Amino acid sequence: MIQHFVPTTLKEALKILDERDCYIMAGGTDLMVQKHRGSGLLPNFDKDVLYVMNIKELDYIKTDAEGNLRIGAMNRYCELMNSSLVPDIFKTVFKEIASPNIRNMATLVGNIANASPAGDSLLPLNLFNARVVLSSVKGNREVLVEDFIQGVRKIDRQKNELITEVIIPNCDLNFYYRKVGSRKAESITKVSLMGGYKIEGGKIKDLRIVFGSISVKVVRNHFIEEKYQGKSVNELRARIDDIINEYDHEIKPITDQRSTMEYRKKVAKNLLRDFLKHVK
Amino acid sequence: MKISFVINNKKVSLDVEPSMRLLDVIRNELHLTGTKEGCGEGECGACTVLINEEPVNSCLYPAINAANKNIMTIEGFRETNEYRVIADAFADRGGSQCGFCTPGMILVTYSLLKKNPHPSEEEIRFALSGNLCRCTGYQAIVDAVKVAAVKGIKL
């Protein structure tokens with residue numbers, strides 16, 4: 001018999017996780033689909049389940065002394081979309097995730113934990129160098145979202161750890177975001193790209209590019225980004241074809257029910273070109 | 001596990017598995033069958049109910065997450081004046097044909113108009129974007145929401 005745990009304090013939750021391997025349920029919008037068996041049947045859980053939505057300590061959206069945004073594991077997209085603390089570019093992304101009903105249930109931390117190659121919130125999190133905080137009875141550790149997600153549904157979480165919050169550093173850039181899907185609403189991404197840049201005195205001070213749905217995880221190449229820092233905008237624009245070629249080996253999409261490898265590869269490059277043309 | 005909540009203004013306490021879908025609690029335990037099951041995976045919105053006035057898909061909502069919350073299904077909403085205005089507008093504009101999506105459409109319309117009494121067409125379509133209808137082609141539903149907004153729900 002599997003057991004269900006509904007802790008109301010973080011301490012209690014961490015103690016439970018220290019003693020047993022559990023599925024962790026927040027809003028349920030991924031897990032309830034993955035474990036669904038049919039109408040009128042209980043979801044098919046093969047191990048214990050720990051529910052986090054009653055841990056009030058994990059319910060907050062705040063900025064800390066260093067100006068970082070901190071979001072608790074309980075906080076849902078609908079709350080983030082209504083918060084004045086959340087950067088507009090995140091809200092742009094959230095607006096195109098699933099549907100209003102789902103956004104009233106789904107949490108940001110849940111989207112990270114689910115580690116889907118098509119997870120849309122992972123693009124701005126990666127671009128902003130956001131970190132997750134993992135808590136256990138032994139203490140806390142912080143990991144970059146970029147490193148935390150290791151592959152398709154593979155994350156750097158130990159069985160005794162709970163993702164308790166996301167830390168998003170302040171990031172003052174100009175942004176570009178395009179999600180390509182089949183519809184306006186409820187579409188799972190075929191290809192997406194987010195770019196960020198800052199120009200000072202005609203030179204590139206900061207350049208960041210992330211792709212979604214074209215590999216096992218969000219693609220970001222720091223080496224290429226750094227190569228163009230300090231270059232002039234004119235030089236960057238003259239080298240758009242070179243840059244697209246440099247990313248060629250990173251763009252490794254698959255063919256699945258949503259799209260084909262060829263289409264994704266073509267669109268990813270087109271989005272990159274479109275973004276680079278926006279840099280001015 | 002004992003789970004207590006308010007549904008349609010009545011206090012209820014049930015002994016159910018925490019992972020049971022709220023949809024199954026509503027339809028099979030409480031026998032309120034106005035809430036429909038369409039896709040069962042959060043895409044269609046036929047199972048929409050309001051929790052603390054926010055629309056959610058009850059087919060993905062674990063029962064335990066509803067503990068101590070306020071749930072409204074179409075049966076409870078039917079007793080309100082706001083229901084009358086919205087239902088009349090749907091009837092007037094042909095916003096309901098087979099009727100399967102209608103309970104969800106009506107609850108989402110209410111939640112939209114409560115927050116935004118004079119929505120633009122774009123805002124209406126955005127609010128209804130998680131509720132699928134295979135009959136109307138949506139225009140009649142959008143028109144119905146506009147009519148309901150004009151008639152003004154005294155909220």
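Everything numeric in this text was worked out from a predicted model, so none of it was measured.
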Taking the side chain from A:Arg157 and the backbone from A:Lys159, do they hold a donor-acceptor pair closer than 3.5 Å? yes
Pairs of heavy atoms under 4.5 Å with chain A: top-ranked of B:Thr48, B:Val25, B:Asn57: B:Asn57
Heavy-atom closest pair, residues A:Ala106 and A:Thr29: CB-OG1, 3.4 Å
Once the angle between the rings of A:Phe45 and A:His4 is folded into 0 to 90°, is it parallel (under 30°), tilted (30 to 60°) or perpendicular (over 60°)? perpendicular
Proximity breakdown for A:His36 and chain B, heavy-atom pairs closer than 4.5 Å: side chain
Could you look at A:Leu41 and say if it's the side chain, the backbone, both or neither that has a heavy atom under 4.5 Å from chain B? backbone
For the residue pair A:Ser136 / A:Asp18, report whether a side-chain donor-acceptor contact shorter than 3.5 Å exists. no
Which atom of B:Cys133 lies closest to which atom of B:Cys101, heavy atoms considered: CB-SG, 3.7 Å
Who wins among A:Ala185, A:Gly40, A:Cys78 for the most heavy-atom pairs under 4.5 Å with chain B? A:Gly40
Can you confirm whether A:Val33 sits close enough to B:Glu41 that some side-chain heavy atom of one is under 4.5 Å from a side-chain heavy atom of the other? yes
Can you say whether A:Asn54 sits under 4.5 Å from chain B via the side chain, the backbone, both, or neither, judging by heavy atoms? side chain
Contact class of B:Val108 relative to chain A, heavy atoms under 4.5 angstrom: side chain
Measure B:Glu37 against the heavy atoms of chain A and call it side chain, backbone, both or neither at under 4.5 Å. side chain
Counting only heavy atoms closer than 4.5 Å, note whether A:Arg37 contacts chain B via side chain, backbone, both or neither. neither
B:Asn65, part contacting chain A, at a heavy-atom distance under 4.5 Å: side chain
For B:Asp15 and B:Lys2 the tightest heavy-atom approach is OD1-N, 3.7 Å
Check for me whether A:Lys15 meets the cation-pi criterion with A:Phe5, that is, NZ or CZ under 6.0 Å from the six-membered ring centre and within 45 degrees of the ring axis. no
Measure the acute angle between the ring planes of A:Phe128 and A:Phe90, then classify it against the limits of 30° and 60° as parallel, tilted or perpendicular. perpendicular
Pairs of heavy atoms under 4.5 Å with chain B: top-ranked of A:Arg183, A:Arg76, A:Lys184: A:Arg76
At a 4.5 Å cut-off on heavy atoms, which part of B:Met20 comes close to chain A: side chain, backbone, both, or neither? both
Under 4.5 Å from any heavy atom of chain A - which part of B:Ile51: neither
Who wins among B:Ser19, B:Ser111, B:Ala67 for the most heavy-atom pairs under 4.5 Å with chain A? B:Ser19
Answer with side chain, backbone, both or neither: which region of A:Ala98 has an atom nearer than 4.5 Å to a non-hydrogen atom of chain B? neither
Which portion of A:Lys95 sits near chain B, non-hydrogen atoms under 4.5 angstrom: both
For this output row, return yes or no: ring centroids of A:Phe211 and A:Phe275 closer than 6.0 angstrom. no
